[in-house]
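Below, chain A is the first sequence line, B the second, and so on; all start at residue 1.
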Number of protein chains: 2
Amino acid sequence: MISRYSFGKPFETEALVVKIEATEGKLPFFRTDGEGNYYYDFDDKDIVYGLGEQIRGINKRGWTYTSWNLDNPHHHEDTHSLYGAHNFLLVDGKELFGVFFDFPGKITFDIGYTKRNEMHVYADRNDMNVYIITGDNKKDIVNQFRVAIGQSYLAPFWAFGYGQSKWGYITEDDVRRVAEEYAKLGTPLDSIYLDIDYMQDFKDFTVNPERFSDLKKLVESMKEQGIHLVPIIDAGVKIEDGYDVYEEGVANNYFCKNEEGKDFVGAVWPGKVHFPDFLQPEARSWFGEKYGELTKLGIDGFWNDMNEPAIFYSEESLSEAIDAVASLKGKNIGLSEYFSTMGTIQGLSSNPKYYDQFYHNVNGQMVRHSDIHNLFGMNMTRAANEALCKLEPEKRTLFFSRASFIGAHRYGGIWQGDNLSWWSHILQGMQQLPALNMAGFIYIGSDTGGFGADTTEDLMLRWIQFALFTPLFRNHSALGTREQELYQFDSCKAMTEMVKIRYALIPYLYSEYLKAVINNDMMFKPLSFEFDDEESKCVEDQLLIGNELMIAPIYKQNASGRYVYLPEDMMLIRMRKYDDYETEQMTKGHHYIKVALDELVFFVRKDKAIPFAKPAKSTSELDLNSLGRLGYEGAKYEMYMDDGINPDVSATLKRVEI
Amino acid sequence: MISRYSFGKPFETEALVVKIEATEGKLPFFRTDGEGNYYYDFDDKDIVYGLGEQIRGINKRGWTYTSWNLDNPHHHEDTHSLYGAHNFLLVDGKELFGVFFDFPGKITFDIGYTKRNEMHVYADRNDMNVYIITGDNKKDIVNQFRVAIGQSYLAPFWAFGYGQSKWGYITEDDVRRVAEEYAKLGTPLDSIYLDIDYMQDFKDFTVNPERFSDLKKLVESMKEQGIHLVPIIDAGVKIEDGYDVYEEGVANNYFCKNEEGKDFVGAVWPGKVHFPDFLQPEARSWFGEKYGELTKLGIDGFWNDMNEPAIFYSEESLSEAIDAVASLKGKNIGLSEYFSTMGTIQGLSSNPKYYDQFYHNVNGQMVRHSDIHNLFGMNMTRAANEALCKLEPEKRTLFFSRASFIGAHRYGGIWQGDNLSWWSHILQGMQQLPALNMAGFIYIGSDTGGFGADTTEDLMLRWIQFALFTPLFRNHSALGTREQELYQFDSCKAMTEMVKIRYALIPYLYSEYLKAVINNDMMFKPLSFEFDDEESKCVEDQLLIGNELMIAPIYKQNASGRYVYLPEDMMLIRMRKYDDYETEQMTKGHHYIKVALDELVFFVRKDKAIPFAKPAKSTSELDLNSLGRLGYEGAKYEMYMDDGINPDVSATLKRVEI
């Protein structure tokens, strides 16, 4: 059961797709003070799940998290905000309930940081809807919430293939080379991503004609090889006379305004930009239609970036910072002066004050950006998705975003942002998956191998062995970091075998993905969502995938094995190649398992089985009609299949027992 | 056996205390090209131990490490350099040998980063001594190396007490309050540390007379409570007319010179400073004697900081950076210009080019600092230690440093630098301990609770449960971070019980410390140094302490237990208070053990026992004559004891069987 409690004058975020009448009476579970402070007292064993894209474990107790969409490449343990704002929590312990703080501005969840046994939630102001969800169990509560927020975005089947990306594919030759090298190596590949390099001066919906002389032809030649090109789109529109997007936006008041009513200026990759006012339906339609510039070249996938929105600096703040530094000239500088000036420079990027300086036009009312900050990225995603549904009504377009709010899950997937090539980031990415599923995001994945910093060969192998289970399976890295396409490594063959195993698993993964979308279920679950024992509640580094598999990846340098907890008897699968593997019956309980660097180990749950395909060089060549099986003999599996293209999933959905 | 291979014209680092004649003939184990490249080919199962204070695990395979003493508060997974330069490695696998690259400049160890199965060592230039140590086993090799580098610094007994520190104890009242609050809580306490706040304008050997009106009186009143005050000393000497240290240094040419022969100017906490030329014996004596300004006030412990040396900026570089920023004024800045200018600002701190800009006077020869960079901190430590041995010849002075090179271990301990209040930093600190022992550093420890970033109550408790086993057990945190004295937390009583357990363990810990120092042994060992099985080789999160104990701390948020591997039968001790505990006989093999937040779990090795004292409010009140025991009945323990004061350990050493 979902109850809505309304405080002050909530902004309509459109997170929910159903209208729930506000309940009179006292908010249950929480102590409130009427001024926007919400308190909950923990028992020692209470667990808090949720918050989507955040740091620090499946159980969120012990830190402070702030929902504030932020371009934050430092996914460090002391971080408070990442790219998403997913204000749904599930508390399990002396009480069991879900709670969604439907608030589009800054809201903070102090979950046992200030006081270990107290949760304190507080926002900038107390204008919000708080939804309390009670139910039979955790899955039931999540399911009710998911029904209320609407069906998740449905990705095309080909988006389950392996993708290669790098910030730094400067020319079409770079792209062709990636395809060639992978073909030579025999690695399956379904997509190559274009980062900001393909654009002309980082202008959205443009293509640099010198470095990409004929994108349409490139798209076609790639598609002949089964490869989709997926370009990036950024939120900021370059200020440049003659640039149609800029000129139309200005002419139609489609950009966010500053206090004086002029178009607000920030700086991002293109230099000075305006930000489309994605909260205006007209601005959304207009911006969305621009994606047609690329779809007409054959493009059928996009990723939306920098849509927190990231702001490197504002004109005013940069000018102030330059003045502050310039004033030091020739002076005998004291240390405090030095550090405060350096702090000014370092504080330029995405400074919170910028977000107080511009406004959205919401039904004729000027609404300060910071009051609805976390809806910006969501509405960019929505703009793109709604337009693409019109531009390409016959097929699904791949679509994922960096910034998000609950509600954005209906319009696209997300990738988990600019992580680092750190061992700890394998685990961190994994721990977010169930929380993202709870918030409706099912087409998800983190940059395989790590985006920032230099990767290593063993990190790459281990990361692949985890990421091959996530819907978005993309190798992506930053400009200036070590090249990490699989063919850069001595063990590229072992890596390729892992990618082939991914393709063999696609029938299962896609089927479980469809179930999660259609049935408002979770694809990735903590063990405690299926098992009631005390041990399962503590497991932070294993996940259930769908109803049949459990993964326990290796995420430590030089580890030749790991501990695994089996909440029931399971079958261990030890796989070097899709057709070279052993199985072992394992009993419920704690185990230490050895896992060589070129081995994938995962588990099939008791009396379950999964479909298993023969790998192919791309998803389009996968033979779904002659599937093998992995797992317990005699076990039945209900497989969801569709054509992977039709936006109306029910039109081609089949449920096949195998 | 130790063999020396000499290349080019090595600089005499004084790392070794014995003279080993250079061996003619080819360097074994390594391929060399005569140009300073050393290669070693790994088998898959080879393990590399060593490198002292570095990131990334006990087994160093899989990353690139650069020995370059660096003020680096980011102990991140992609870091290459920290504060120490400890160029000793132990390779165990198809071959077993130790190797010490005795080189005082920048040297890089690519241990399977570029090529997974290759180690590549290379330095700025090929003027170095390479020592190869072979022996019966790992312990034997380490012991031979330790004998060659000389006996480790011996700390006073009181230095094994608990210490409280914070950057931000601004006044003597702040210090008194710490003592009072701990007394109120009943927490044992042996030391309070003074960070840079106590000085007048950050001038070494001065005391701010307004905020610390009578340091001598403060020292006395603290000592009455059993508390030692331990001030910090920084490497840079403030440029200020009338300041004796500055004026004497200038007058006697005791400071490092720039290319024109003028005293080099850098900027650190005091603003502009000169750096003492610690490579000159006369400068060392002179600077060392200055510690007497504080010892005559009753001070008997010091920590040397910023002695990499850290340089926030040089006059020239700051001026260039200011000009670069100022030139942007009024311009329409392109993104590349913006980022390159910002990079200039961010690159000011400890920029490598500074270290090319100043020189040392070594026996009348001007030696460029960067050529001997890693000897600077070591020789500051030496300056202090040699002077203190003269100033206070009757007693040991507590002494530890941030920067170090092998050789510095004879003059003081180290703390492991400016870590963060991150869960992962418990483990990282722990993994460095055996490698530091290999390099001769025995009096060691990391900032308990974490220095940078905000700690949490559970992190603090878990960190204490690990740190109470390290010789230096100091709670320290940075200005502006959450206050983390134990009395700040609801569970201060549980924390106090853990500190009391530390005091109960001091007789054992100090005895094992003495053994490690006197016998050139390791106090902290990886399991694989005592056990030959394959499992022991893989354990990265447990350590043997001395010959009797094994620790397996909890270092994960919200963990209610952990996996432990026992290489032999052991006795588990589960302790809430020093006199409230259970023991359990555990069998060899893998186990999952539960550990509540207020419990300390550790292990006594088979048929071993340790002494266990009744806690006291400071080390001076510990009753060593009526010790209890923990462990196996009938087991004998040889306890090393001395008066804890006499610098000549043999003068009062007793070996008692208990």
Side-chain angles (χ1 to χ4, degrees), chain A residues 47 56-57 59 61-63 76-78 112-113 115-117 202 267 269-272 312-313 318-319 321-323 325-326 328-329 332-335 338 342 345-346 348 420-424 452-454 456-459 490-491 535 538 540 556-561 563 565 590-592 597, chain B residues 44 47 56-57 59 61-63 76-78 112-113 115-117 202 267 269-272 312-313 318-319 321-323 325-326 328-329 332-335 338 342 345-346 348 420-424 452-454 456-459 490-491 535 538 540 556-561 563 565 590-592:
Chain A
I47 297 176
R56 285 201 178 215
N59 183 354
R61 286 184 68 173
W63 192 240
H76 296 167
E77 279 185 46
D78 57 330
Y113 167 73
K115 290 189 182 180
R116 194 171 144 63
N117 276 331
F202 309 120
W269 295 120
K272 290 182 192 166
F312 294 154
Y313 56 83
L318 181 63
S319 167
I322 290 172
D323 285 347
V325 173
L328 301 181
K329 200 166 169 175
N332 188 358
I333 304 159
L335 257 286
Y338 171 75
M342 295 302 115
I345 295 283
Q346 278 151 13
L348 281 176
L420 293 159
S421 296
W422 288 9
W423 287 89
S424 55
D454 293 321
T456 65
E457 184 163 353
D458 49 346
L459 177 62
D490 287 343
S491 49
E535 283 86 350
C538 301
E540 286 271 346
K556 292 181 182 170
Q557 179 176 283
N558 294 315
S560 55
Y563 292 100
Y565 173 67
H590 298 289
H591 298 270
Y592 181 85
L597 198 52
Chain B
D44 277 347
I47 297 176
R56 285 199 178 217
N59 183 353
R61 286 185 69 173
W63 192 239
H76 295 169
E77 277 184 48
D78 57 329
Y113 167 74
K115 291 189 181 180
R116 194 173 143 64
N117 277 331
F202 309 121
W269 295 120
K272 290 181 190 166
F312 294 155
Y313 56 85
L318 180 63
S319 168
I322 290 172
D323 285 348
V325 173
L328 300 181
K329 201 169 166 170
N332 188 356
I333 304 157
L335 258 286
Y338 172 74
M342 297 301 117
I345 295 283
Q346 277 151 14
L348 281 176
L420 292 161
S421 297
W422 288 9
W423 287 90
S424 56
D454 292 320
T456 63
E457 185 163 353
D458 50 346
L459 177 63
D490 287 344
S491 50
E535 283 86 350
C538 303
E540 286 270 346
K556 291 181 182 170
Q557 178 176 285
N558 294 316
S560 56
Y563 291 100
Y565 173 68
H590 298 289
H591 297 271
Y592 182 85

**Q.** Toward chain B, the part of A:Phe202 with a non-hydrogen atom under 4.5 Å
**A.** neither
Q: For B:Ile345 and A:Ile345, work out which heavy atoms get closest and say how close.
A: CG2-CG2, 4.1 Å
Q) Would you call B:Glu457 and A:Tyr113 a side-chain contact if the rule is heavy atoms closer than 4.5 Å? A) no
Q: Using non-hydrogen atoms and a 4.5 Å limit, figure out which bit of A:Ser319 sits close to chain B: side chain, backbone, both or neither.
A: neither
Q) Of the listed residues (A:Thr456, A:Asp458, A:Asn59, A:Leu328), which shares the most heavy-atom pairs with chain B below a 4.5 Å separation? A) A:Asn59
Q.
Nearest 0.5 Å, please: how far is OH in B:Tyr592 from NE2 in A:His591?
A. 14.5 Å
Q: Would you mind telling me which of B:Gly57, B:Ser424, B:Gly271 has the largest number of heavy-atom pairs within less than 4.5 Å of chain A?
A: B:Ser424
Q) Which word best sums up how the rings of A:Trp422 and B:His76 line up, parallel for under 30°, tilted for 30 to 60°, or perpendicular for over 60°? A) tilted
Q: State the CH2-CH2 distance between B:Trp63 and A:Trp423, to the nearest 0.5 angstrom.
A: 11.5 Å
Q | Distance in Å, B:Glu77 CD paired with A:Asp454 CG, rounded so as to fall on 0.5 Å steps | A | 13.0 Å
Q | Which residues share a salt bridge (Lys or Arg N to Asp or Glu O under 4.0 Å) with B:Lys329, sequence neighbours left out | A | A:Asp323
Q.
If I compare all heavy atoms of A:Val325 with all of B:Ile322, which pair ends up nearest, and what's the gap?
A. O-CG2, 3.5 Å
Q) Would B:Arg116 and A:Asp490 pass as an ion pair if we require N to O under 4.0 Å? A) no
Q. Considering residues, nucleotides and ligands other than B:Lys115, do more than 12 of their heavy atoms fall under 6.0 Å from its NZ?
A. no
(Q) Does any part of the side chain of A:Gln557, heavy atoms only, come nearer than 4.5 Å to the side chain of B:Arg61, both counted from C-beta? (A) no
(Q) With a 4.5 angstrom heavy-atom cut-off, is it the side chain or the backbone of B:Leu318 that approaches chain A, or both, or neither? (A) side chain
Q: Fit a plane to each ring of B:Tyr313 and A:Tyr338, take the angle between them on a 0 to 90° scale, and name the class: parallel (under 30°), tilted (30 to 60°) or perpendicular (over 60°).
A: tilted
Q.
To check you understand the geometry: which heavy-atom pair defines the closest contact between A:Asp78 and B:Ala453, and what is its length?
A. OD2-CB, 3.4 Å
Q. Contact part of A:Asn558 toward chain B, heavy-atom cut-off under 4.5 Å: side chain, backbone, both or neither?
A. side chain
Q. Does some side-chain heavy atom of A:Leu348 sit less than 4.5 Å from a side-chain heavy atom of B:Met342?
A. yes
Q. Quick one: does A:Gln346's side chain get under 4.5 Å of B:Gln346's, heavy atoms only?
A. yes
Q | Beyond-backbone contact of A:Lys556 with B:Glu540, side-chain heavy atoms, under 4.5 angstrom | A | no
**Q.** Proximity breakdown for B:Ser421 and chain A, heavy-atom pairs closer than 4.5 Å
**A.** backbone
Q) Does any heavy atom of chain B fall under 4.5 Å from the side chain of A:Leu597, the backbone, both, or neither of them? A) side chain
